[in-house]
Amino acid sequence: MTSNEVTKKSRNLILALLFLGWSLGNLDRYIMNYAVVAITGDLQLDASSTGIILSAFFLGYALMQIPGGWLADKFGAKKILLFSVIMWSIFTGLTALAWSLVAMIVIRFLFGIGEGGFQPASSKIIATIFPREERGRAMSIMLSSGGIVSLIVPLLAAYLLGTIGWRTMFIIIGAIGAIIAFLYWKYIKLPQDEIVENSNSKENTSTKVNFKELFKTPLMRNLIIAYFCIYAVNWGLVSWIPTYLQKNRGLDLMSIGWAQTIPAIATIIGVYGSGYIIDKLPRGMDKILGSISCGVIGILLYLMFTAKSVTMFIGYQTVVTLFLAFVITLLPAIVLKKLPSSITGSAMGVANTGGQLAGFVTPMAIGFMVDAFNGSFDAAFWMLIGFAIICIISLLTLNDQKGTLLNSSLE
């Protein structure tokens, strides 16, 4: 059975369930950026320790990207999907039991391991059941969960942290994950030949490409760099803006929550709009628009940290999120559109490793920079601007010619 033989109703149901899972995964990640304000108070941690906690998840998440993609291609995406949701729900709940910095780091790392297989497996499912011309929009719907969650989390976190506390909050979120795992087991139905696609499919031109060959491909090398750079900017901002606004701009948690709803709305609009734009772009135009977007991001980051008021800061941040949304939607769309779906899980795992390594490195690096510069975030913003510049170069030199992967595997 191919993507053309999966009914539209089935595709939409599966996409809705995947969206639900991605929303929970984003909730787990985003809410920690607010919970860590209370956690650092309870555990008496400095900025460097806070950065390590925020980064620990991404180390585990990054390490699991490639194995998760390979397992999804070899044993089936649904099995890996279920494993991921169950594992991350367990460790989300266990976060409530952390009693020290070391315990929190270990739990967050294992939580990242658990969640790491979710994105490659879900991307594999999209490539399996959706026609090529609809994959950009399907991916944009998935990624929009981040914007929707970021809209809800600031106010939700402020309320929950002020009422039930961070420990009870993580137990409840873990229980929600168990419910979603049950829904996946019962309602996600994939083609029987999901693992090895129909031999008559035009996409099944290379089922034996291994990881060494993927890394040798110019397309994949550039994508890894681009993923790392754009997610360094994204997670650098997402993980530290609540702390920055509290300590450097004097806002309380509720005020931060209301202020961050504006960039969150922009993210939702940006991701949805990007999916439709990307599916209609002529060949070669995608990387040009992506490069221009990275340039705009770099300029706006400078304007953010030099802004004279909180209003101006939030205004620049809102525009940054629009352009970030385009690039973050563009990169997985390139994987889904340019590569055979028989290796989508592996390819997405390889590319996304770069992004999640950025999630590990950047929050921790910012924490050390803030301590080193006596609470100033200026050096951290300059670092993010540098990543935006590198992303421009990696996109402009992207070799996306048809057959690039296959040609490299024959070298």
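When reading the values below, keep in mind they use all heavy atoms of this one structure, side chains included, and skip hydrogens, waters and symmetry mates. Bear in mind the structure is a predicted one, so any value in this text is a computation, not a measurement.
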With Ile390, the side-chain contact (heavy atoms from CB on, under 4.5 Å) member among Leu395, Ile230, Ile225
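The passing option is Ile225.
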Step through it carefully: locate the ring centre of [X], locate the ring centre of [Y], and say whether they are under 6.0 Å apart.
X: Phe387; Y: Phe228; value: yes
X: Phe313; Y: Tyr244; value: yes
X: Phe305; Y: Tyr302; value: yes

Between [X] (side chain) and [Y] (backbone), is there a donor-acceptor pair under 3.5 Å?
X: Asn234; Y: Leu324; result: no
X: Lys78; Y: Trp185; result: yes
X: Tyr184; Y: Gly21; result: yes
X: Asp28; Y: Ser89; result: no
X: Asn26; Y: Val149; result: no
X: Tyr34; Y: Ala158; result: no

Drop me the distance from [X]'s [atom1] to [Y]'s [atom2], to the nearest 0.5 angstrom.
X: Leu17; Y: Lys186; atom1: CG; atom2: NZ; value: 12.5 Å
X: Ile164; Y: Tyr159; atom1: CD1; atom2: OH; value: 8.0 Å
X: Ile180; Y: Ser23; atom1: CD1; atom2: OG; value: 8.0 Å
X: Tyr231; Y: Trp235; atom1: OH; atom2: CH2; value: 8.0 Å
X: Thr397; Y: Asn222; atom1: OG1; atom2: CG; value: 4.0 Å
X: Ile366; Y: Leu384; atom1: CD1; atom2: CG; value: 5.0 Å

For Ala62, side-chain contact (heavy atoms from CB on, under 4.5 Å) partners two or more places apart
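Residues passing side-chain contact (heavy atoms from CB on, under 4.5 Å) with Ala62: Gln356, Leu357.
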My understanding is that only residues two or more places apart in sequence, or in another chain, count here; which of them pass side-chain contact (heavy atoms from CB on, under 4.5 Å) with Leu94?
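In terms of side-chain contact (heavy atoms from CB on, under 4.5 Å), with neighbours along the sequence ignored, Leu94 is linked to Ile90, Phe91, Leu97, Ile107.
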Pairs satisfying side chain to side chain donor-acceptor pair (under 3.5 Å), at least one member in residues 163-174, at least two apart
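For residues 163-174, and leaving out neighbouring residues, the side chain to side chain donor-acceptor pair (under 3.5 Å) pairs sorted by first residue read Asp42-Trp166.
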Assess the residue pair Trp88 and Thr92 against the criterion (side-chain contact (heavy atoms from CB on, under 4.5 Å)); give the C-alpha distance rounded to whole Å, side-chain angles, the decisive distance to 0.1 Å, and a yes or no.
CA-CA 6 Å; Trp88 98 52; Thr92 298; 3.7 Å; yes
Shortest non-hydrogen separation from [X] to [Y] and the atoms involved:
X: Gly117; Y: Met64; answer: N-CG, 3.8 Å
X: Ile53; Y: Met32; answer: CG2-SD, 4.5 Å
X: Ala259; Y: Ile314; answer: O-CG2, 3.7 Å
X: Cys294; Y: Val327; answer: SG-CG2, 4.1 Å
X: Met87; Y: Gly114; answer: CB-CA, 3.6 Å
X: Thr321; Y: Thr318; answer: OG1-O, 2.5 Å

Heavy-atom distance under 4.5 Å between the side chains of [X] and [Y], does that happen here?
X: Trp382; Y: Ile385; result: yes
X: Leu237; Y: Met304; result: yes
X: Ile256; Y: Arg249; result: no

Checking Gln260 against Leu245 for the side-chain contact (heavy atoms from CB on, under 4.5 Å) test, could you report, in this order, the C-alpha distance in whole Å, the side-chain angles of both residues, the deciding distance, and whether it holds?
CA-CA 10 Å; Gln260 289 304 295; Leu245 290 176; 3.5 Å; yes
List the steps, then state whether side-chain contact (heavy atoms from CB on, under 4.5 Å) holds for Leu101 with Leu43.
CA-CA 7 Å; Leu101 172 62; Leu43 302 183; 5.6 Å; no
side-chain contact (heavy atoms from CB on, under 4.5 Å) between Lys124 and Ile80: does it pass, once the steps are laid out?
CA-CA 11 Å; Lys124 170 77 173 178; Ile80 305 307; over 6 Å; no
